[in-house]
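Model, not experiment: these values are computed from the prediction. Any value given below was found using the heavy atoms of this structure, including those in side chains, with hydrogens, waters and symmetry copies removed.
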Amino acid sequence: GENVEQHPSTLSVQEGDSAVIKCTYSDSASNYFPWYKQELGKGPQLIIDIRSNVGEKKDQRIAVTLNKTAKHFSLHITETQPEDSAVYFCAPGYTGTASKLTFGTGTRLQVTL
Amino acid sequence: ETGVTQSPTHLIKTRGQQVTLRCSSQSGHNTVSWYQQALGQGPQFIFQYYREEENGRGNFPPRFSGLQFPNYSSELNVNALELDDSALYLCASSGGTGGSITGELFFGEGSRLTVL
């Protein structure tokens, strides 16, 4: 099965700084690489995803970079705001029948004023 | 557009009992996946349903079972509850064909189960 590791487990940044979270995975068949944000008392929500034929994707303050050779992908948040405070999960997976996502253990991001 | 809804939101059971959790998928989505999220952990895949059949299963024992109905809603049943079954159970729907993930999973807010 897929082994997923996420670092760091906690991250505290000042408002306006950047935050980077790294995810490593083991299954070379993985071809779909999303990041989910989970706020307290809510289910995870997709914030950005990337597929294996793309190296980088950006959506306003959020970007994801993928290194398929090294089997890792990273979430980059620039100009952090207090509302970015949440738990972030990487969840590599694959498209196809009986597909599923394997979630990492999460990174708790705290953005301080 | 109605999102994913789950019921009940909270429940308390004792060891050995059985529980049924319910999920209504987002309008137009034909695939439902269930995840277990223990406190402080990431969600773990239990199983996925597509066209009323199980279409993939994670590392969970047979006492975890499910159903999907013609309207794509779903149930998760857990028999012979154990203390370690205490967790947040998340349902997610998606619109991929053939049960494949072609994009975003839409999660409900979960059912928090406490086993005493």
Side-chain angles (χ1 to χ4, degrees), chain A residues 1-10 21 23-25 27 29-54 57 59 62 64 75 86-109, chain B residues 3-7 9-10 21 23-26 29-51 53-60 66 87-112:
Chain A
E2 175 87 275
N3 288 321
V4 179
E5 293 189 1
Q6 201 174 320
H7 298 281
S9 56
T10 60
I21 304 170
C23 181
T24 59
Y25 62 95
D27 189 350
S30 294
N31 62 1
Y32 177 62
F33 307 95
W35 285 94
Y36 280 80
K37 175 183 181 182
Q38 188 173 27
E39 297 176 332
L40 197 62
K42 296 189 176 182
Q45 183 177 21
L46 179 74
I47 55 170
I48 196 166
D49 58 8
I50 195 170
R51 298 188 188 274
S52 58
N53 58 343
V54 178
K57 182 178 178 180
D59 182 4
I62 294 172
V64 55
L75 175 68
V87 180
Y88 292 81
F89 294 98
C90 64
Y94 50 90
T95 56
T97 57
S99 53
K100 64 171 180 151
L101 301 182
T102 302
F103 281 75
T105 50
T107 295
R108 181 171 299 278
L109 174 64
Chain B
V4 177
T5 58
Q6 294 187 242
S7 63
T9 54
H10 295 81
L21 308 178
C23 171
S24 293
S25 60
Q26 182 159 315
H29 287 180
N30 55 19
T31 302
V32 172
S33 302
W34 286 92
Y35 285 79
Q36 180 196 67
Q37 187 175 24
L39 201 60
Q41 301 294 317
Q44 280 197 304
F45 177 72
I46 303 174
F47 43 53
Q48 181 184 90
Y49 277 84
Y50 172 68
R51 288 187 174 177
E53 290 192 2
E54 189 178 288
N55 185 41
R57 189 180 184 93
N59 190 26
F60 280 82
L88 180 68
Y89 289 85
L90 294 162
C91 169
S93 72
S94 56
T97 58
S100 67
I101 294 179
T102 56
E104 183 173 358
L105 282 183
F106 292 81
F107 283 89
E109 296 195 342
S111 294
R112 184 162 297 282

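- Interface remark: of the candidates B:Gly40, B:Cys91, B:Pro43, B:Pro43 forms the most heavy-atom pairs closer than 4.5 Å to chain A.
- Put simply, of A:Gly106, A:Gly43, A:Ser9, the one with the most heavy-atom pairs under 4.5 Å next to chain B is A:Gly43.
- For chain A, the nearby part of B:Gln37 is the side chain; its heavy atoms alone come within less than 4.5 Å.
- Heavy atoms closer than 4.5 Å to chain B are found in both the backbone and the side chain of A:Pro44.
- A:Ser30 is linked by a side chain to side chain donor-acceptor pair (under 3.5 Å) to A:Glu2, counting only residues two or more places apart in sequence or in another chain.
- Contact of A:Gln6 with chain B is not made at all, since no heavy-atom distance falls under 4.5 Å.
- The distance from the CG atom of A:Asp49 to the CH2 atom of A:Trp35 is 12.5 Å, given to the nearest 0.5 Å.
- Contacts of B:Glu54 classified as side chain to side chain donor-acceptor pair (under 3.5 Å), with partners at least two apart in sequence or in another chain: B:Arg57.
- Checked by atom type and distance alone, the side chain of B:Ser93 pairs as donor or acceptor with a backbone atom of B:Gln26 at under 3.5 Å.
- Classification of the A:Phe89-A:Phe103 ring pair by plane angle, with boundaries at 30° and 60°, yields perpendicular.
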